[in-house]
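A note on names: the letters A, B, ... follow the listed sequences, proteins ahead of strands, and every chain is numbered from 1. Computed from a predicted structure; not experimentally measured.
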Number of protein chains: 2
Amino acid sequence: MAYTYKYPKADHTVDAVVFGIDFDEAALKILLIERAREPFKGNWALPGGFVEMDEDLEAAVIRELREETNIRLSYMEQLYTFGAPGRDPRGRVISTAFLGLVQPGHIAIQEGSDAAKAIWWNVNELPGLAFDHAEIIKTGVQRLRSKISWQPVGIELLPDEFTLSDLQQACEIILGRTIDKRNFRRKVLKFGVLAPTGNVRKENYRPAQLYQFDKKRYALLQKQGIDFEV
Amino acid sequence: MAYTYKYPKADHTVDAVVFGIDFDEAALKILLIERAREPFKGNWALPGGFVEMDEDLEAAVIRELREETNIRLSYMEQLYTFGAPGRDPRGRVISTAFLGLVQPGHIAIQEGSDAAKAIWWNVNELPGLAFDHAEIIKTGVQRLRSKISWQPVGIELLPDEFTLSDLQQACEIILGRTIDKRNFRRKVLKFGVLAPTGNVRKENYRPAQLYQFDKKRYALLQKQGIDFEV
DNA sequence: CCAAAAGTGTTCCTGTTACACCCATGG
DNA sequence: CCATGGGTGTAACAGGAACACTTTTGG
């Protein structure tokens with residue numbers, strides 16, 4: 001039985017649902033590539049590709065992202081595995097999707113050789129998508145939304161130094177609703193994982209205090225099973 | 001590139017972390033099989049096996065469970081995909097693990113041909129396990145614990161008719177701590193997804209009201225995004 | 001009448017929500 | 001001095017946690 005299943009075999013791929021925030025447009029963005037080859041040549045799709053034989057799944061996503069877009073993630077986690085027969089016209093392809101986040105400083109896309117082009121798309125204005133990638137993205141957005149209300153995910157979408165207004169705006173963009181400023185600040189400061197850097201950001205008006213995220217303290221609190229609700 | 005990856009290919013398997021509650025022992029149990037073949041012949045492992053080419057991942061788990069144990073699940077969801085190179089001595093094997101729950105009436109194991117034998121093990125007293133199955137189980141237990149505090153998962157581990165004490169005991173076994181009876185009852189009744197059947201269970205002492213779960217109402221409330229905390 | 005499990009309310013406390021004004025800066 | 005975003009406190013409310021006794025049955 002089992003042991004005799006040598007051929008035929010399914011292919012295994014990875015796909016990346018990569019989120020970034022565009023503060024100018026106040027929009028949640030997702031990274032898509034225009035497919036350079038069949039199937040679905042010319043259509044938009046998630047970055048991803050085939051897993052190599054001696055390569056971890058996570059490593060495969062990172063490699064594919066580098067090849068196709070040269071982007072650097074600040075966070076990544078496994079999302080879900082999509083394996084319905086027929087989801088890929090080439091044959092049986094099982095794909096493990098990952099959720100990735102990038103900081104604004106690293107959203108610049110350096111085009112690689114694999115993909116014709118890579119572009120950030122507004123999550124609410126997506127084009128038609130190849131394969132079952134629309135479903136994968138839907139799953140990714142759900143995960144991101146549910147995650148942000150109990151983990152400081154917003155941090156991974158911000159630069160190293162950020163103002164509390166930045167953080168609030170990130171959360172608002174992801175959740176798609178406004179949050180009360182005073183309540184928000186009280187909550188995020190309560191845990192003590194945000195530390196003022198002493199620097200301020202001067203833009204047009206009153207300067208804003210810059211904060212950084214204390215990863216060590218967060219890891220410590222997380223180990224104690226403390227919740228982080230926003 | 002990608003398109004040229006025809007051989008070699010990884011194998012793809014599914015594994016099932018199946019939970020059941022043993023009310024006599026007041027213990028959370030997990031279903032394991034003794035492997036009938038190499039590798040790890042004679043060791044204990046999760047039920048599972050290779051995915052067929054035209055078969056959904058979920059269908060593969062259900063089939064393997066039927067072949068190996070003939071057990072019927074009351075609930076199933078995808079857990080995580082384990083794909084580290086070297087996790088299987090036979091070569092590259094990527095495995096998608098599922099979490100399954102069975103009701104007490106269906107915990108009887110009818111041995112199949114594939115597995116030497118299948119046995120329910122106390123989650124706290126597991127034997128040495130084949131492959132990376134110890135890690136998979138750990139992931140499964142975490143998921144079950146986190147799930148039970150916001151979804152009526154306990155239901156799936158109980159018979160169709162049950163008392164509130166049964167439900168509470170199920171939650172206590174999973175969470176590994178005691179719960180206040182009055183608070184528990186108030187909470188689970190508040191949502192209106194439990195309906196008294198009118199029957200009572202007479203055992204030794206005072207008879208207990210039997211309840212059933214209103215799946216329709218639950219689905220309705222869930223669609224409205226209502227939380228179910230225990 | 002005793003043992004054992006079923007069943008039932010209230011109080012306190014914590015955390016969430018709602019809400020409006022002053023401050024610092026640049027132009 | 002005006003426009004703009006930065007920054008702050010309090011009061012009402014809801015939900016969670018802690019807590020003990022009465023009821024029903026079988027033996």
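- B/Q168 pairs by the side-chain hydrogen bond (donor to acceptor under 3.5 Å, both in side chains) definition with B/E172, not counting sequence neighbours.
- Contact check, A/K187 against C/dT17: a side-chain N or O comes under 4.0 Å of OP1 or OP2.
- Scored by the side-chain hydrogen bond (donor to acceptor under 3.5 Å, both in side chains) test, B/E77 finds B/Y75, B/R143, B/K147 as partners (sequence neighbours excluded).
- Atom-to-atom, NZ of A/K202 to P of C/dC23 comes out at 19 Å; the value is rounded to the nearest Å.
- In this view, A/D22 satisfies the side-chain hydrogen bond (donor to acceptor under 3.5 Å, both in side chains) rule with no residue, not counting sequence neighbours.
- Rounded to whole angstrom, the span from the CZ atom of B/F162 across to the C1' atom of C/dA6 amounts to 16 Å.
- What separates CZ of A/F184 from C1' of C/dG15 is a distance of 17 Å, to the nearest Å.
- Atom CD in B/E203 sits about 16 Å away from atom C1' in C/dG7, given to the nearest Å.
- Legend: side-chain hydrogen bond (donor to acceptor under 3.5 Å, both in side chains) pairs involving residues 119-128 of chain A, not counting sequence neighbours: none detected.
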* **Nucleotide-resolved protein contact map, nucleotides 3-11 of chain D, B/S/- at heavy-atom distance under 4.0 Å** => BBBBBBBB-
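- Take A/R87 and apply the salt bridge (charged side-chain N to carboxylate O under 4.0 Å, His left out) test, not counting sequence neighbours, and it matches A/D132.
- Side chains of A/R185 and A/S165: a donor-acceptor N/O pair is present below 3.5 angstrom, by distance only.
- Taking atom CD of B/Q169 as the reference point, atom C1' of C/dA5 lies 12 Å away to the nearest angstrom.
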